[in-house]
J.: 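Provided herewith is a single structure, encoded as structure tokens, for subsequent inquiry.
The figures here come from the full heavy-atom set of this structure, side chains too, leaving out hydrogens, waters and symmetry mates. Note that ligands are numbered from 1 as they come in the structure, with each ligand's atoms numbered from 1 the same way.
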Amino acid sequence: MTLSLGCIADDYTGASDLANTLAKEGLRTIQTIGIPTDDLALPEVDAIVVSLKIRSIAAPEAVERARASDRWLRERGADHVMYKICSTFDSTDKGNIGPVLDSLRADAGETTVLVTPAFPQTGRTVYQGNLFVGAAPLNESPLKDHPLNPMHDANLVRVLARQSAAAVGLVNLAIVARGAEAIVERLAQLASDGNGAAITDAVFESDLEAIGAAALRQRLSIGASGLGLGLARGLIAAGTVRCHERTAVYGKPFAGPAAILAGSCSQATLEQIAKAEQTMPVLRLDPEKLLNGREEAQLALDWAAERMARTPVIIASSSNPDDVSRLQTRYGRDAVGQVIERSLAAIAEGLVGRGVRRLIVAGGETSGAVVDRLAIPAFSLGQEIVAGVPVLHSIGGRHGDMVLALKSGNFGGESFFADALAIMA
Ligand SMILES: Nc1ncnc2c1ncn2[C@@H]1O[C@H](COP(=O)(O)OP(=O)(O)OP(=O)(O)O)[C@@H](O)[C@H]1O
Ligand SMILES: O=C(O)[C@@H](O)C(=O)CO
């Protein structure tokens with residue numbers, strides 16, 4: 001297999017979001033969980049998105065895993081590798097986007113790497129280097145209260161400069177609007193001024209097309225799904241890839257119980273749970289009990305087992321920002337996150353053991369923990385449920401055929417869970 005595009009995603013929901021965009025644009029795409037083993041039979045594809053769970057871990061380990069994935073993708077022919085980060089640039093000042101960028105840039109032999117988290121379809125735009133979530137600057141959006149990566153600065157030139165060893169410049173919207181050649185020229189100028197990265201403005205899809213065409217002149221780019229859209233259109237426009245219809249990945253309906261697990265505390269997920277509660281049973285886990293023993297997870301499984309032959313069930317640890325911060329002050333942020341992720345993963349395994357084959361997971365870290373526990377090696381892409389969230393069909397793994405949806409915390413409208421279940425039926 002010779003890949004036209006290699007992608008590395010820093011979390012699993014982000015990976016499925018990007019894979020969805022590439023498939024929608026006509027690239028035959030699969031999502032792998034980490035670097036697949038040699039014995040996993042993969043179909044002929046144009047793009048592979050390697051999903052990692054490195055968004056919130058220390059930089060040295062993140063760098064090592066991203067570099068290994070980059071080598072694997074390039075050995076399979078990928079000339080261009082995109083590193084997928086969150087469209088809300090989730091990271092802390094100690095975060096690892098900068099160090100990963102520095103090391104992938106050195107490996108690729110590039111000077112100035114184009115970086116843009118813009119994804120206009122979900123309201124993420126970048127202007128003068130400032131990231132907006134809908135109408136709000138990043139630091140005034142719900143991301144200011146994120147449990148793991150609270151974002152307090154909307155200016156990405158500053159945010160990335162605090163993380164990267166190199167200087168960071170800006171390709172502003174006026175330049176982007178002039179097209180790919182103008183972007184390439186600006187990148188060359190930023191390179192000669194000693195910049196290692198360039199935050200690039202984008203507000204409309206046409207901006208992303210120019211950005212994609214310019215990025216393809218280099219071997220590495222960094223961004224969210226909007227950049228993926230630009231790269232995909234650039235590859236097709238250049239004739240490197242032929243546009244393919246997204247193929248239906250499962251013909252037979254998926255019978256049997258369905259379940260939803262939510263570990264995301266993002267505002268959209270909280271609203272989706274509240275809405276779903278009107279039509280299906282919801283078990284709200286007590287995070288304090290999860291932290292103090294294993295009984296709560298077992299009780300959750302018993303609760304689900306009593307109901308799931310009749311109705312989909314939701315099991316959620318999600319709480320509001322005040323409760324999250326109270327718990328983190330008491331037990332420590334990382335400890336709380338990890339224990340809850342492990343508990344939800346154990347519940348997922350128990351549910352699948354009891355016959356669940358349709359599973360929806362809300363939250364990137366939570367999805368990572370669940371998919372790792374289920375040991376699913378890869379996914380092909382099914383129908384899009386909402387922007388950024390496709391149906392995923394398992395490839396390989398010990399549980400047989402399953403369909404999953406891995407929902408980024410802030411994606412989807414209020415009725416997301418019912419909508420997803422209807423499509424996954
Ligand atoms: N009640 C809670 N209190 C504190 N932390 C929680 C609680 N429930 C879940 N968590 C933790 O919060 C984190 C949520 O991160 P996760 O990535 O799953 O969701 P998200 O950030 O909303 O999604 P995404 O990364 O896709 O935007 C996880 O580590 C999870 O274990
Ligand atoms: O880019 C996004 O916002 C999402 O794909 C994501 O990465 C959330 O985890």
J.: Look only at the side chain of Thr112 and the backbone of Asn195, and say whether a donor-acceptor pair between them is shorter than 3.5 Å.
T.: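 Flag set: sc Thr112 to bb Asn195 pair under 3.5 Å.
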J.: What protein heavy atom sits nearest atom 6 (C) of ligand 2, and how far off is it?
T.: Ser408 OG, 3.5 Å
J.: Run Asn139 and Lys144 through side chain to side chain contact (heavy atoms under 4.5 Å, CB included) and show every step you take.
T.: CA-CA 5 Å; Asn139 57 310; Lys144 69 185 190 317; 5.7 Å; no
J.: Within the 4.5 Å heavy-atom criterion, are Leu101 and Leu160 side-chain neighbours or not?
T.: yes
J.: May I ask you to list the atoms of ligand 2 that are less than 4.0 angstrom from any heavy atom of Asp11?
T.: 7 (O), 9 (O)
J.: In ligand 2, which numbered atoms sit nearer than 4.0 Å to a non-hydrogen atom of Cys86?
T.: 1 (O), 2 (C), 3 (O), 6 (C), 7 (O), 8 (C)
J.: Backbone N or O of Val282 within a donor-acceptor pair of the Glu277 side chain at under 3.5 Å?
T.: no
J.: Which residue supplies the protein heavy atom nearest to atom 7 (O) of ligand 2, what is that atom called, and how far is it?
T.: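 Of the protein heavy atoms, Arg55 NH2, 2.7 Å lies nearest.
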J.: Counting only heavy atoms not in Phe132 (residues, nucleotides, ligands), do more than 12 fall under 6.0 Å from its CZ?
T.: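 More than 12 within 6.0 Å, yes.
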J.: Is the number of heavy atoms from other residues, nucleotides or ligands under 6.0 Å of Glu295 CD greater than 12?
T.: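 Check fails, neighbour count at 12 or below.
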J.: Mind checking whether Lys84 has an N or O less than 3.5 Å away from an N or O of ligand 2?
T.: yes
J.: Would you mind checking which non-hydrogen protein atom is closest to atom 5 (O) of ligand 2, with the distance to 0.1 Å?
T.: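 For atom 5 (O) of ligand 2, the nearest protein heavy atom comes out as Asp17 OD2, 2.5 Å.
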J.: Evaluate whether atom OH of Tyr331 has more than 12 neighbouring non-hydrogen atoms of other residues, nucleotides or ligands under 6.0 angstrom away.
T.: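 More than 12 within 6.0 Å, yes.
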J.: Quick check against the 3.5 Å criterion: does Thr279 have a side-chain atom that pairs as donor or acceptor with the backbone of Ala276?
T.: yes
J.: Taking a 3.5 Å cut-off between nitrogen or oxygen atoms, can you list every pair linking ligand 1 to the protein, with distances?
T.:
| from | atom 1 | to | atom 2 | distance (Å) |
| --- | --- | --- | --- | --- |
| ligand 1 | 1 (N) | Ser317 | O | 2.9 |
| ligand 1 | 1 (N) | Ser319 | OG | 2.7 |
| ligand 1 | 8 (N) | Ser317 | O | 3.4 |
| ligand 1 | 8 (N) | Ser317 | OG | 2.8 |
| ligand 1 | 17 (O) | Gly364 | N | 3.1 |
| ligand 1 | 17 (O) | Glu365 | N | 2.7 |
| ligand 1 | 18 (O) | Glu365 | N | 3.4 |
| ligand 1 | 18 (O) | Thr366 | N | 3.0 |
| ligand 1 | 18 (O) | Thr366 | OG1 | 2.6 |
| ligand 1 | 21 (O) | His146 | NE2 | 2.4 |
| ligand 1 | 22 (O) | Ser264 | OG | 2.7 |
| ligand 1 | 22 (O) | Ser266 | OG | 2.5 |
| ligand 1 | 23 (O) | Gly364 | N | 3.2 |
| ligand 1 | 23 (O) | Gly409 | N | 3.2 |
| ligand 1 | 26 (O) | Thr13 | OG1 | 3.3 |
| ligand 1 | 26 (O) | Gly364 | N | 3.0 |
| ligand 1 | 26 (O) | Gly409 | N | 3.0 |
| ligand 1 | 27 (O) | Gly409 | N | 3.4 |
| ligand 1 | 29 (O) | Glu341 | OE2 | 2.6 |
| ligand 1 | 31 (O) | Gly337 | O | 2.9 |

J.: Quick check against the 3.5 Å criterion: does Thr269 have a side-chain atom that pairs as donor or acceptor with the backbone of Cys265?
T.: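 No, because the side chain of Thr269 does not come within donor-acceptor range (under 3.5 Å) of the backbone of Cys265.
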J.: Looking at atom 3 (O) of ligand 2, what's its closest protein heavy atom, distance included?
T.: Ser87 OG, 2.5 Å
J.: Say whether, by atom type as modelled, one donor and one acceptor occur between the side chain of Arg358 and the main chain of Ala259 under 3.5 angstrom.
T.: no
J.: Which part of Phe411 is near ligand 2, with near meaning a heavy atom under 4.0 Å away: side chain, backbone, both or neither?
T.: side chain
